[in-house]
Each structure stands twice: as structure tokens, then as C-alpha cells.
Amino acid sequence: MIFSVEPGVYFPGRFGVRIEDIMVVTESGGRNLTGFDHQLVIKR
């Protein structure tokens, strides 16, 4: 089974952020197929 996990934070009228991961469920457990770091980076 494959599904997406898409938590997000939204500030109406300002901005929103969503992190999307694609996950696969196997007999031995779950695995993230996206492979990106979830470290917050703020650029000004």
C-alpha cells in the first residue's frame, strides 16, 4: 500500500507551508519514498 502524508500550517492572508511525504507499507514496516530532509530553513 502507498499513501501520502501531508501535514501543513496555514496563516490566512499571510502564507502556508505543507510537507508532503510518500510512504509505502510493506510486511516489514513503513518506508518513506520521498527522501527529503525535514529541517526548517528560513531565508530572508
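By convention here, the first residue in the shown sequence is residue 1.
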List, by chain and number, the other hydrophobic cluster members for F3, where Ile, Leu, Val, Met, Phe, Trp and Tyr join if side-chain heavy atoms come within less than 4.5 Å, directly or indirectly. M1, V5, M23, V25
Only distances under 3.5 Å count here; give the side-chain donor-acceptor pairs of residues 11-18 to other protein atoms, sequence neighbours excluded, each with its distance to 0.1 Å.
from : atom 1 : to  : atom 2 : distance (Å)
R18  : NE     : Y10 : OH     : 2.9
R18  : NH1    : E6  : OE1    : 3.3
R18  : NH2    : Y10 : OH     : 3.0

Restricting to pairs with a member in residues 24-36, which pass salt bridge (Lys or Arg N to Asp or Glu O under 4.0 Å), not counting sequence neighbours? none
Value rounded to 0.5 Å, distance of CD1 in I2 from CG in L33: 6.0 Å
Could you go step by step and tell me if N32 and I22 meet the side chain to side chain contact (heavy atoms under 4.5 Å, CB included) rule? CA-CA 6 Å; N32 185 337; I22 303 299; 5.7 Å; no
